Amino acid sequence: MRTQSSATAPSPIAVTAPRERRGLGTGLAALGVASFSLTFPATAWGLQGFGPWTLVAVRSVLAALVAGGCLLALRVPLPERRHLPGLAVVAAGVVAGFPMLTTLALQTSTTAHAAVVVGLLPLTTAVFSALRTGSSPSRRFWLAALAGAAAVVAFTVGQSGGALTTADGYLFAALLVCAAGYTEGGRLARIMPGWQVIGWALVLCLPLSVPAAALALAYEPVRLTGHGIAGLLWVALGSQFLGLVVWYRGMAVIGIPRASQLQLAQPLLTLVWSALLLGEHFTAAAPVTAVAVLVCIAVTQRS
């Protein structure tokens with residue numbers, strides 16, 4: 001199979017007016033955030049029917065089968081060798097690392113708590129982007145991002161009685177690997193279509209995810225329930241594939257730092273889903289914190 005040429009066809013988005021292009025990119029990134037906001041409630045549903053290792057491995061296999069089918073059907077050439085290290089970072093960060101660590105955290109943490117902790121992801125991604133790509137957002141951008149991060153840290157410490165829990169450790173580790181995966185994926189999405197970035201990352205994980213799924217299914221009990229199956233399907237197809245497709249495309253259009261700050265809305269959306277789908281009750285500090293970081297979006301997007 002031939003390798004992908006470094007010369008890419010002009011994107012339809014590239015010929016539109018800058019304002020239209022920014023609007024489309026923001027809309028795509030926001031659609032990705034909306035998809036991600038359902039990940040934690042869907043994971044909680046999935047854990048009702050599957051063990052944590054089974055859920056992580058099977059979701060990766062299902063998403064890879066869909067992505068691989070699309071790549072084969074459209075006869076997409078193999079990525080160039082120089083892109084493989086970046087795809088490996090995407091695979092390690094958003095295909096394997098983040099799902100595994102957050103699933104482990106949700107065994108002992110509520111989705112409301114986890115959602116607000118992950119409110120640190122925009123700042124973490126912006127830092128990774130600045131280090132990796134050399135981007136330099138304005139001082140007002142960084143001040144707003146730091147304000148949102150401070151609110152999240154205060155909430156986390158307050159909710160855990162002044163001490164971080166094991167679940168928080170998993171969540172903070174998830175932030176680091178996910179931010180690295182987002183940064184590399186956003187960079188690659190400027191070279192190849194975003195769906196191919198996540199598609200090849202998922203396919204690269206198949207040699208590990210298939211045996212891991214078989215092993216997990218052999219040792220962890222499975223209860224086929226409506227919630228369990230629905231949760232598995234969403235995290236596999238909605239969060240792991242389709243959500244990342246539009247997310248990476250949006251990042252490529254408006255830039256990694258600006259797109260990442262749209263995720264400040266994700267905790268608030270997840271809190272709403274947690275209440276509606278899981279019936280979770282949370283303290284007043286959770287929505288207050290989520291609204292506080294949501295306010296920062298307006299500042300970062302205008303910076």
Side-chain angles (χ1 to χ4, degrees), residues 1-14 24-25 27-39 42-43 46 55-100 178 181-214 229-253 256 259:
M1 183 178 290
R2 63 191 176 91
T3 58
Q4 185 170 5
S5 171
S6 58
T8 56
S11 168
I13 298 179
L24 178 58
L28 290 172
L31 188 59
V33 170
S35 172
F36 301 151
S37 70
L38 275 163
T39 299
T43 299
L55 184 62
V56 171
V58 173
R59 71 181 275 185
S60 179
V61 171
L62 290 178
L65 290 177
V66 173
C70 294
L71 291 168
L72 284 174
L74 296 174
R75 298 183 179 181
V76 176
L78 291 171
E80 295 181 26
R81 182 173 297 180
R82 64 191 177 96
H83 298 324
L84 292 179
L87 289 171
V89 173
V90 175
V94 303
V95 175
F98 186 79
M100 179 184 68
C178 189
Y182 278 175
T183 300
E184 283 302 306
R187 185 184 64 82
L188 288 172
R190 301 181 69 88
I191 303 169
M192 65 179 74
W195 74 272
Q196 292 181 23
V197 173
I198 186 57
W200 286 121
L202 286 164
V203 170
L204 282 175
C205 283
L206 274 176
L208 295 176
S209 59
V210 169
I229 294 174
L232 171 62
L233 290 177
W234 180 260
V235 295
L237 304 180
S239 303
Q240 192 84 76
F241 183 55
L242 297 177
L244 285 168
V245 167
V246 294
W247 174 245
Y248 281 141
R249 182 53 183 158
M251 293 180 83
V253 174
I256 298 171

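Position 1 is the first residue of the sequence; numbering continues from there. Only a predicted model underlies this, so the values are computations on that prediction, with no experimental measurement involved.
With sequence neighbours excluded, the residues forming a side chain to side chain contact (heavy atoms under 4.5 Å, CB included) with V56 are P99, M100, T103, listed by chain and number. Looking at residues two or more places apart in sequence or on another chain, you find no side chain to side chain donor-acceptor pair (under 3.5 Å) involving T43. Every side chain to side chain donor-acceptor pair (under 3.5 Å) that T39 has, sequence neighbours left out, goes to S239. Applying the side chain to side chain contact (heavy atoms under 4.5 Å, CB included) test to V246 and every residue at least two apart in sequence or in another chain returns L28, L31. Scored by the side chain to side chain contact (heavy atoms under 4.5 Å, CB included) test, L71 finds V76, W195, Q196, W200, V203 as partners (sequence neighbours excluded). Taking A213 as the reference, A57, V58, V61 meet the side chain to side chain contact (heavy atoms under 4.5 Å, CB included) condition, with sequence neighbours excluded.
Rounding to the nearest 0.5 angstrom, the gap separating the CZ atom in R187 from the CE atom in M251 is 12.0 Å. Interatomic distance, CG of L55 versus OG of S60, reported as 11.0 Å (0.5 Å rounding). In this structure, CH2 on W234 lies 12.5 Å from CD on Q240, to the nearest 0.5 angstrom. In this structure, the separation between CG on L237 and CZ on R59 is 10.5 Å, given to the nearest 0.5 Å.
The shortest side-chain heavy-atom distance between L204 and L87 falls under the 4.5 Å cut-off. L62 has its side chain within reach of L232: a pair of non-hydrogen atoms, C-beta onward, lies under 4.5 Å apart.
What you find for A63 and F241 is that their closest heavy atoms are CB-CB, 4.4 Å. Heavy-atom minimum distance, F98 versus C178: CD1-CB, 3.4 Å. Between A201 and V90, the shortest heavy-atom distance links the atoms CB-CG1, 3.7 Å. Taking all atoms of both residues into account, the shortest heavy-atom contact from P79 to M192 is CB-CE, 4.4 Å. Across every non-hydrogen atom of C205 and V95, the tightest pair is SG-CG1, 3.5 Å. Closest approach of L202 to A67, counting heavy atoms only: CD1-CB, 4.0 Å.
Ring orientation note: the planes of Y182 and Y248 are nearly perpendicular, at an angle over 60° on the 30°/60° scale.
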